[in-house]
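Here's the structure, in structure tokens; my notes come after.
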Number of protein chains: 2
Amino acid sequence: MPLQPVTRRSVPDEVFDQVLGEVVDGQLGAGEALPSERRLAEVLGVSRPAVREALQRMAATRLVEVRHGGATTVRDFKRSAGLDLLPRLLVRRGKLDASVARSVLEARLAIGPAVAALAAARGGPALAAALTETLDRLAGTDDDVERQVHALEFWDRVVDAADSLVFRLMFNSLRAAYEPALVALAPLMAEEVGQVDAYRVLTAALGAGDPETARAAADRVLRPATESLLGALAALAAVPSTHPEERP
Amino acid sequence: MPLQPVTRRSVPDEVFDQVLGEVVDGQLGAGEALPSERRLAEVLGVSRPAVREALQRMAATRLVEVRHGGATTVRDFKRSAGLDLLPRLLVRRGKLDASVARSVLEARLAIGPAVAALAAARGGPALAAALTETLDRLAGTDDDVERQVHALEFWDRVVDAADSLVFRLMFNSLRAAYEPALVALAPLMAEEVGQVDAYRVLTAALGAGDPETARAAADRVLRPATESLLGALAALAAVPSTHPEERP
DNA sequence: GAGGTCAAGTGGTAAGACCAGTGGAGATGT
DNA sequence: ACATCTCCACTGGTCTTACCACTTGACCTC
């Protein structure tokens, strides 16, 4: 084993993860009350401030509702949580959630072309130059992971050029969900990042400043891998693998 | 004054808002170091745990980076923060940020039709019935604010039918940004929520289960108000209003 | 001057106390 | 017997204090 760096998880982090797990796995349903802070601290063997910090983060993520004097109750996270929760839902207990992955792919396919259209309208020639530079680096390597990184940088620049804060923040959230699994997913995405030609066509369209051409070009970049992966996920769902339902 | 309910802001909330303000307003640039927790506690006249809780929330939002033993530094929030930060950026010091509002409108116009297309493919006839019910309520009132609420519920159901966690969470985030300003924005959106016919056409398309028809219908619902508001924002930007740059 | 050492300062954690709301059990009144 | 009121136990909110763990950089040594 190549001496991987030690993971230093803080106590509140640990508590947060545990409670979050109980909530997203449904062991604590919406409306249910959590144990009191003191009780949680006792059960988990940590101090109350540690528990408190974790619960406050849960509240900030809109997963629970704390009421002064009353009990802290679980909320329906699917109706209240924001996109920042995505990384926690995409990979759970170390496994990728197929239905979440599907929705990520769908969202990517819907948003990418829209962002490209905006970027084409606002980018200018400097954008094309920067993108070409990134693409040259992408074309210059055979390593799937490296290609992923360069492709991410490509889209990063496109999002920048789109000059839209909302899309920028969405991209950040999606990226935060994707990056932890980047290495594992690199083989699956190899098909996409290998299509350097499609990226070059997109770059040209962005440089030319025509939104609709850019939108179509972005679609051509994203659609093939999206559809093949969606097909694979559907096939996976059709053969329901063993559903252990184990809990630690 | 109609005896508005008292706002009970907790101490950590207050600290969080203050530090967040310094960061998003640029008074604390990316890379700069924050004062130590003890020093902040002293300056703000609160206890260290209170400061700590606020800083941990800042870290969870990826606005700062805390290092054990080292200083806490400010990150470039535009590159690291997630969509959950949007509410804090859309309205700053009680004022709507025009460029952020523009990007919200653009994103809404891009995403709404995509969600409608997914919902059409997956909704079924039950969806159309639920939507019709909501629309009847929308048509039954003349109050702009009430109409907004019903329109939000309409889209809420469409998003549900799309059965996509990512779009669901995006919707939650956008809604969290929009709702605080709903009353103020209701007059501006009156044009859109008054178009009950367009909503009915969209509902029919969703019930029919044809994604492309639904996509086009959703576009027709969203585009008119979007374009007129974008135009208004552009005109506003062209006449740069007094730029007080005041700080409290 | 390059290197190692150590102390000061930082964030991390714990314990304990008290304040401030909430809600239900019990006392009180009818 | 019922409705109402009162009060207290329990909840989260805040502060104080202390100590541990880590980083940094100044200083000392070679």
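Just so you know, these numbers use all the heavy atoms, side chains as well, and skip hydrogens, waters and symmetry mates. In what follows, chains carry the letters A, B, and so on, assigned in the order in which the sequence lines appear, proteins first and then strands, with residues in each chain numbered from 1.
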So, for B:Ala110 and A:Phe167, which heavy atoms are closest and what is the spacing to 0.1 Å?
CB-CZ, 3.9 Å

Please examine the side chains of A:Val19 and A:Arg57, heavy atoms only from C-beta on, and report whether any two atoms are closer than 4.5 Å.
no

A quick test of your reading: do over 12 heavy atoms of other residues, nucleotides or ligands sit less than 6.0 Å from CZ of B:Arg92?
yes

Which part of the nucleic acid does B:Glu65 contact within heavy-atom distance under 4.0 Å: base, sugar-phosphate only, or nothing?
nothing

Hey, does B:Glu53 reach any base, or is it just sugar-phosphate, or nothing, if we go heavy atoms under 4.0 Å?
nothing

Any side-chain N or O of A:Gln56 below 4.0 angstrom from OP1/OP2 of D:dG12?
no

Short side-chain donor-acceptor distance under 3.5 Å, A:Thr134 and A:Asp136:
no

Can you find a heavy atom in the side chain of B:Met170 that is under 4.5 Å from one in the side chain of B:Val159?
no

Given C:dT10, is OP1 or OP2 found less than 4.0 Å from the side-chain N or O atoms of B:Thr72?
no

Length of the line joining B:Glu37:CD and D:dC22:C1', which is rounded to integer Å:
13 Å

Taking CG from B:Leu44 and P from D:dC15, how many angstroms apart are they, rounded to a whole number?
11 Å

Could you state the atom-to-atom distance from CG of B:Leu40 to C1' of C:dG12 in whole Å?
17 Å

Taking atom P of D:dG13 as reference, at what distance in whole Å does atom CZ of B:Arg9 sit?
14 Å

Can you give one letter per nucleotide of nucleotides 14-22 of chain C, going 5' to 3': B for a protein heavy atom under 4.0 Å from the base, S for sugar-phosphate only, - for none?
B--BB-BBS

Within-4.5 Å side-chain heavy-atom neighbours: A:Leu44 and A:Val11
no

Taking CZ from B:Arg52 and C1' from D:dC19, how many angstroms apart are they, rounded to a whole number?
14 Å

